[in-house]
Asker: 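Can you keep this structure in mind? I'll have questions shortly.
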Amino acid sequence: MAVQQNKKSPSKRGMHRAHDFLNAPPLAVEPVTGETHRRHHISPTGFYRGKQVLKGKDA
């Protein structure tokens with residue numbers, strides 16, 4: 001059975017839970033195609049920051 005070795009302080013506990021209360025993922029608009037996608041991810045047609053990085057479904 002797992003037993004904690006040290007108590008996690010309230011500050012560290014709060015840092016651990018920080019992502020539990022985020023509402024929606026941040027979105028970005030692709031400048032070339034105008035598509036909305038998650039930040040730091042490629043768009044559905046394969047564009048990232050204005051450049052074609054993958055061949056998408058449409059291309």
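All heavy atoms count here, side chains included; hydrogens, waters and symmetry mates do not. Note that the coordinates shown come from a computational prediction; the quantities given were computed from them, not determined experimentally.
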Asker: If you look at every heavy atom in P25 and R38, which pair is closest and at what distance?
Answerer: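 Shortest heavy-atom separation between P25 and R38 comes out as CB-NE, 4.0 Å.
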Asker: Between E30 and G50, what is the shortest heavy-atom contact and its length?
Answerer: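 Looking at all heavy atoms of both residues, the shortest contact is OE2-N, 2.6 Å.
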Asker: Measure the OH-NE2 distance between Y48 and H41 for me, rounded to the nearest 0.5 Å.
Answerer: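 Between Y48 OH and H41 NE2, I get 9.5 Å after rounding to 0.5 Å.
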Asker: Around atom CG of D20, are there more than 12 heavy atoms from other residues, nucleotides or ligands closer than 6.0 Å?
Answerer: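 Yes, enclosed.
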Asker: For a 4.5 angstrom cut-off between non-hydrogen side-chain atoms, does T45 reach E35?
Answerer: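 Contact flag for T45/E35 side chains = yes.
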Asker: Do the side chain of Q52 and the main chain of L54 share a donor and acceptor less than 3.5 angstrom apart?
Answerer: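 Judged by distance alone, yes, a pair lies under 3.5 Å.
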Asker: Please give me the minimum heavy-atom distance between F47 and V53, naming the atom from each residue.
Answerer: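 Scanning both residues completely, I find the closest heavy atoms to be C-CG2, 4.4 Å.
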Asker: Determine all donor-acceptor pairs shorter than 3.5 Å in which one atom belongs to a side chain in residues 4-18; sequence neighbours excluded.
Answerer:
unit_1: S9; atom_1: OG; unit_2: K12; atom_2: N; d: 3.3

